[in-house]
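Below, read A as the first sequence line, B as the second, and so on, with proteins coming before strands; counting in each chain starts at 1. For the numbers below, each heavy atom of this structure counts, side chains included, while hydrogens, waters and symmetry mates do not.
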Number of protein chains: 2
Amino acid sequence: MASRRPSGIALPTIRRLPMYASVLEQTRQEGQDHVSSPQIASALGLEPIQVRKDLAAIGVSGQPRVGFPVAELLTAIERFLGWDNLSDAFIIGAGHLGVALAGYHGFSRHGLNVVALFDADPGKVGTRVHGKEILDMGRFADLVDRLHVHIAILTVPDEAAAEVVETAVAAGIRGIWNFTATKLVAPEGVIVERVDLAASLAVLSSKLADMSGRDRGSG
Amino acid sequence: MASRRPSGIALPTIRRLPMYASVLEQTRQEGQDHVSSPQIASALGLEPIQVRKDLAAIGVSGQPRVGFPVAELLTAIERFLGWDNLSDAFIIGAGHLGVALAGYHGFSRHGLNVVALFDADPGKVGTRVHGKEILDMGRFADLVDRLHVHIAILTVPDEAAAEVVETAVAAGIRGIWNFTATKLVAPEGVIVERVDLAASLAVLSSKLADMSGRDRGSG
DNA sequence: TAGATTGTTAATCGATTAACAATC
DNA sequence: TAGATTGTTAATCGATTAACAATC
């Protein structure tokens, strides 16, 4: 049903790329100019063969006995993930989560530049957090257009999510990073990527329950 | 390498359970007492057969022509995910993200009760956020023991993560919900579940790049 | 050279999807 | 009854892992 990945790289591989980048930065800092797949694998708890497959996918090859060139690999990953040039983004929803994300400096190293926050609450509008202005949601469409922003980070209350998405899409937003608990519907051509806390918590709870003997307490 | 899931339910299924719960709550609110797999599937953009497989996994069966019993299904999912009895948790790191999570009321519906926050910054210790106290990290081990808390939510700066995990594990924490960008090492028997924002952002960026023609701009 | 590591080709594994008889 | 839906059994699909020749 989902169309084949145009980039030809599998999503599981793409999700692992930031981990490789992190290990490679460490490696570089240690002054190593090459690193082997067993080294990377052990640092991340993966199998060497999986590392080799992933690195092959982004088009960097290694040398037998020597490993992979650290700098070249890092550049290739950063380039692939778009970390080498910043994309502007608006945060919609200046609640605690929105403010937290606005203050996260790590995003700039990941190609994301938060330009401003938007909120519907007049009490918040006009104030600043982390040096960024909180603007009235009424001005969103205009500013998306004038500043050519393509990415929205959604941190509004769940009930507001559906309506806000409509506004965002109508304004020309092409990618939505969805932090709400709501499954969003978006038209063809608009990418929605969700950070699903409930799913993550479900995995944690389930593993904990398995660990301590699921349901031991009751019955 | 990973041991077989003791609960016998595949992780992808577990990750979808909260979505089913959400749809079922809606359905119940609409007064329907049964719901079919095609109904659920269309609400979530899944295939009916996948819904049936998932629901079979948690042990609820439906009726041909009628569908699945909404209330029973909801109860089964909530029970499986532990939403029916609260587990206490400590948040470690009272920065913006920690405070944001402390203020998220949805967790209580997901079986998680945030008892308090911990921070190493004396300027924060003693204050309250969302009605919850911020305590000195020095008191962590003692309070884990006295209050029998088993879950820690990790929202410290990345550099601090490794050390804090050691402290937490030594104190008796059994499950860590890791919001840092750090891959954590924990001993056998301690569950670490990571909310990997970098991976999620990588997927969004990559899909956006595919959409607009990867690398069209340069070269 | 000897031997560690790469990269290719094949095998395995697990999840998703399809087909269809059973059922109400 | 007619027909929508379930649940089982089989097929497909994609990702991970294994085996091993090639290489430096």
*Asks:* Can a donor-acceptor pair be found, under 3.5 Å and without considering hydrogens, that links the side chain of A:Ser200 to the backbone of A:Asp196?
*Replies:* no

*Asks:* Can you tell which of C:dT6, D:dT17, D:dG3 lies closest to the side chain of A:Pro64?
*Replies:*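 So the nucleotide nearest the side chain must be C:dT6.
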
*Asks:* Which part of the nucleic acid, if any, lies within contact of B:Pro38, taking any heavy atom under 4.0 Å across all strands shown: a base, the sugar-phosphate backbone alone, or nothing?
*Replies:* sugar-phosphate

*Asks:* So which nucleotide from D:dT5, C:dT16, C:dA10 ends up closest to the side chain of A:Lys53?
*Replies:* C:dA10

*Asks:* In whole Å, what is the span from the CD1 atom of B:Ile49 to the P atom of D:dA4?
*Replies:* 18 Å

*Asks:* Counting the atoms with a prime plus P, OP1 and OP2 as sugar-phosphate, which does A:Ser61 contact under 4.0 Å by heavy atoms, base, sugar-phosphate, or nothing?
*Replies:*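 A:Ser61: backbone/sugar contact only, no base atoms under 4.0 Å.
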
*Asks:* Looking at D:dC24, C:dT6, D:dG7, which one has an atom nearest to any side-chain atom of B:Arg52?
*Replies:* D:dG7

*Asks:* Starting at CG of A:Leu11 and ending at C1' of D:dC13, how long is that distance when rounded to a whole Å?
*Replies:*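 Nearest whole value for this atom pair: 15 Å.
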
*Asks:* Given pairs defined as Watson-Crick or G-U wobble with both distances under 3.5 Å, what dot-bracket annotation applies to DNA chain D, with ( ) intrastrand, [ ] crossing, | other strand and . unpaired?
*Replies:* ..||||||||||||||||||||||

*Asks:* As a test of reading the structure: which of C:dA15, D:dA15, D:dA4 is closest to the side chain of B:Ala10, going by heavy atoms?
*Replies:* C:dA15

*Asks:* Among C:dT6, C:dC24, D:dT17, which nucleotide sits nearest the side chain of A:Glu47?
*Replies:*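 For A:Glu47, the side-chain atoms sit closest to D:dT17.
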
*Asks:* Mark yes or no for whether B:Asp119, through its side chain, and B:Ala94, through its backbone, hold a donor-acceptor pair below 3.5 Å.
*Replies:*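 Checking the backbone N and O of B:Ala94 against the side chain of B:Asp119, a donor-acceptor pair under 3.5 Å is found.
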
*Asks:* In terms of the nearest nucleotide of DNA chain D, which residue is placed more toward the 5' end: B:Ser37 or A:Arg16?
*Replies:* B:Ser37

*Asks:* Between atom CZ in A:Phe68 and atom C1' in C:dA4, what is the gap in whole Å?
*Replies:*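 Rounded to whole Å, this separation is 13 Å.
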
*Asks:* Nearest-Å distance, NE2 (B:His34) to C1' (C:dC24)?
*Replies:* 12 Å

*Asks:* Let me know, please, whether A:Pro48 or A:Arg65 comes out on the 5' side of the other along DNA chain C by nearest nucleotide.
*Replies:*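 Comparing both residues, the 5'-ward one is A:Arg65.
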
